[in-house]
Each structure stands twice: as C-alpha cells, then as structure tokens.
Amino acid sequence: MPELPEVETVKRGLEPVMDGARFERVEARRQDLRWPLPGDFVARLEGKTVRGLGRRAKYITVDLSSGEVLLIHLGMSGSFRVTQDGSERRAGKYHHQHDQHLTHDHVVFHMSSGARISFNDPRRFGSMKLVAREALDAEPLLRALGPEPLGDEFDAALLARACGGKKTSLKAALSDQRVVAGLGNIYVCEALWRAKLSPKRRASTIATRSGVPNERAQALVEAIRHVLNEAIQAGGSSLRDHKRTDGELGMFQHHFAVYDRESERCPRRDGGIVKRIVQGGRSTFFCPACQR
DNA sequence: CCGCGGGCCTGAGAGC
DNA sequence: TGCTCTCAGGCCCGCG
C-alpha cells in the first residue's frame, strides 16, 4: 500500500518515540514476513539504542548503536501503531477493533521511551532486515533504486535520461523504482494528471532523441514534487490500510483528482470524465480530455 | 538488457 | 446469511 508520503508519515510518527530510545524488549511473534526474520533478530535489537531514523524510497531506516541499520518495508498492508506500554487497553467500544489489530501484530518493540510500537501487517508483504551500516550502499534492496523525488538532484534532466529510450508507457516508467523511487499507483496517477500527461504516452517522449528534457519532463518533475509534498502535508492517503502511527487517518484521499474516481468529473474546467484502464495488471485512472 | 506476467498473502466488498 | 469471485497502495523473479 504505502507509497512515499505514507512511509514518510509513518517515519515521522516513529521518530519521537524511537530516536534516542533503546529497544528494551522485542517480540517477533511471526517470523514469516516477506522474507523470514533472521533467527537472531531479537538479540540484535534488544539493548541497542536508536541513533536516528531515515527514509529511502519506501523503506524506513533505523540507525542502531550496534552499527547495524534496521530496514523496514511496509509492503501493501503494513502499519505501525504506537501506544504507551502498559496502557494499550482501550475502552469497551474499541475492544473488538483492538483484538482484530492484535491478530496481525507480528513484531512489537518495547522502547525505553515507554512506547509500545507494534508492526501490523495482514498480508505479510512487509519486511524487516538488519544490515551493517557500511554495507548499506551494497544492499541489493536499495542498490537499484532511482533518485529520491524530493531530493535536490531530482530534476527534468535526470528524469528524461531515465526515461530516454524506454518503449514502455509513462505509467510503467514512473512506477519503476529504478527510474524514480517512492511512487506507487496512486501518486503516479495523480502526478500524471497534474502534468496533463497521458499514462499511455511512451516514456521516451519526455526527452529528445539525444536525451534532452522537454517541457513535459519539466512539468512532470514539478507535478511529482507537488503531489508528494501535498500528500505528506495531509499525512498520506488512507484508503484501505494506511493509518498513521497514532491511529488517525491520512487525509490526502480527499484531494485525489483521478485516483479511485472512475466516471467522476475531472476537476479541471476543460476536463472530461475520469476513465479507468488496466496497465501492467493494475488500474490506471486518468482524464482522457486533459491528459495527452 | 528490457518488458511482461505470475506469485506471494489476507481481507473487504460486490454479486448471486 | 453465506458462498464465490475480484480486487487492493508492492516487489521479486523467471520467462521470452
């Protein structure tokens, strides 16, 4: 599920209760996430202090005093919930909801800050991995990732170069984490709408044959940054799974122009009716009138 | 090298 | 009510 804005929201929620705190006790209730947790997962965390949190694409990184980095991916349905240890019992009307949540709490961190941080993931597409900090650059999961779309180095020239020569669609190219890291189905659709570009357009058409970016590349970069920044400000989008670490919902889904809005009117004055097509086995939403 | 499709899981919602 | 079917925001892998 979670794309860059949701992951960033989760990271910001974890920061105040994890940064500077120590893992006092770790429960690995289920080891069979996307990849099995290592047998010594708990031992490598307990007693270690968190030196800082970061994010790379859709991964959260937790820097540990041991010199290792805890790499976390939320997959499709992963979420964290932070409660105060010992006071996680709730009033009766939340009881059922709480029980349901417990059934998929696969990993629980008890921090010296007093926080109980549970990782919940019904579909278990999420993953956690411990990597030596100096091996992070060589880490296969991170190695092939493209530029951070909100980073300084991401610009029209870079995007055009990554898309140059690609015969595939713009939708597929932007969904490819090697081209730009952190976008998923929602934000690709929204960014293409904002840039007025059709998801079906060939990726290579945002550059000249020699790879020089054109005005489409520029519009796309602006649109990607804008959409991501707005979504982060809104705490991400909550459709099915995403919730913030405090249990509150993100709000950006109320600002979608096209995503999940099949048959509705495009918000643009000269827009048409939002259409849903399938590309690469996934739904694409776009306005055929204003996206060209 | 590239692009495509399958598979991994569970849950929610639609349709019968 | 309950069954079956489809779909879901990700990513890796193997195939051609």
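Note that the structure is a prediction, hence the values are computed from the model and not measured. Numbers restart at 1 for each chain; the letters A, B, ... are given by sequence-line order, proteins then strands.
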Dot-bracket assigned to DNA chain B with the 3.5 Å Watson-Crick/G-U criterion, [ ] for crossing and | for other-strand pairs, is .|||||||.|||||||

Less than 3.5 Å between a donor and an acceptor, one on the side chain of A:Arg123 and one on the base of B:dC9, is that the case here? yes

Whether the A:Ser198 and A:Gln291 side chains hold a donor-acceptor pair (N or O, under 3.5 Å, no angle test) is what I'd like checked. no

What donor-acceptor contacts under 3.5 angstrom involve side-chain atoms of residues 37-45 of chain A, with partners at least two apart or in another chain?
| residue | atom | partner | partner atom | Å |
| --- | --- | --- | --- | --- |
| A:Asp40 | OD1 | A:Arg44 | NH1 | 3.1 |
| A:Arg44 | NE | A:Glu68 | OE1 | 3.2 |
| A:Arg44 | NE | A:Glu68 | OE2 | 3.4 |
| A:Arg44 | NH2 | A:Glu68 | OE2 | 2.7 |

Between B:dG13 atom C1' and A:Glu262 atom CD, what is the distance in whole Å? 16 Å

Between B:dG3, C:dG10, B:dT10, which one does the side chain of A:His104 approach most closely? B:dT10

Ion pair check, A:Glu190 and A:Arg194, cut-off under 4.0 Å: no

Under 4.0 Å between any heavy atoms, over every strand shown, what does A:Tyr259 touch: base, sugar-phosphate, or nothing? Just pick one. sugar-phosphate

Give a yes-or-no answer on whether the side chains of A:Thr9 and A:Arg244 include a donor-acceptor pair shorter than 3.5 Å. no

What I want to find out is whether A:Arg55 reaches A:Glu148 closely enough, with some N-O distance under 4.0 Å, to be called a salt bridge. yes

For nucleotides 11-16 of chain C, tabulate all protein N/O to nucleotide N/O atom pairs closer than 3.5 Å, reporting atom names and distance.
| residue | atom | partner | partner atom | Å |
| --- | --- | --- | --- | --- |
| C:dC11 | OP1 | A:His73 | NE2 | 2.9 |
| C:dC11 | OP2 | A:Lys58 | NZ | 3.1 |
| C:dC11 | O2 | A:Arg34 | NH1 | 3.3 |
| C:dC11 | O2 | A:Arg34 | NH2 | 3.4 |
| C:dC12 | O4' | A:Arg34 | NH2 | 3.0 |

If you measure from the P atom in B:dC9 to the same atom in C:dC3, how many Å do you get, rounded? 24 Å

Scan A:Gly184 against the nucleic acid and name what it touches under 4.0 Å (heavy atoms): base, sugar-phosphate only, or nothing. sugar-phosphate

Side chains of A:Lys48 and A:Ser65: donor-acceptor distance under 3.5 Å anywhere? no

Let's see if you can work this out: which of C:dA8, B:dC4, B:dT10 has an atom nearest to the side-chain heavy atoms of A:Thr168? B:dC4

Any donor-acceptor N or O pair under 3.5 Å, side chains A:His110, A:Asp85: yes

Hey, is A:Arg268 close enough to A:Asp270 for a salt bridge, meaning N to O under 4.0 Å? no

May I ask you to evaluate whether A:Lys167 reaches the phosphate of B:dG3, defined as a side-chain N or O under 4.0 Å from OP1 or OP2? no

Rounded to whole Å, the CZ-C1' distance (A:Phe256 to C:dA8) equals 13 Å

Does a side chain donor of either A:Tyr59 or A:Glu139 reach within less than 3.5 Å of an acceptor in the other side chain? no

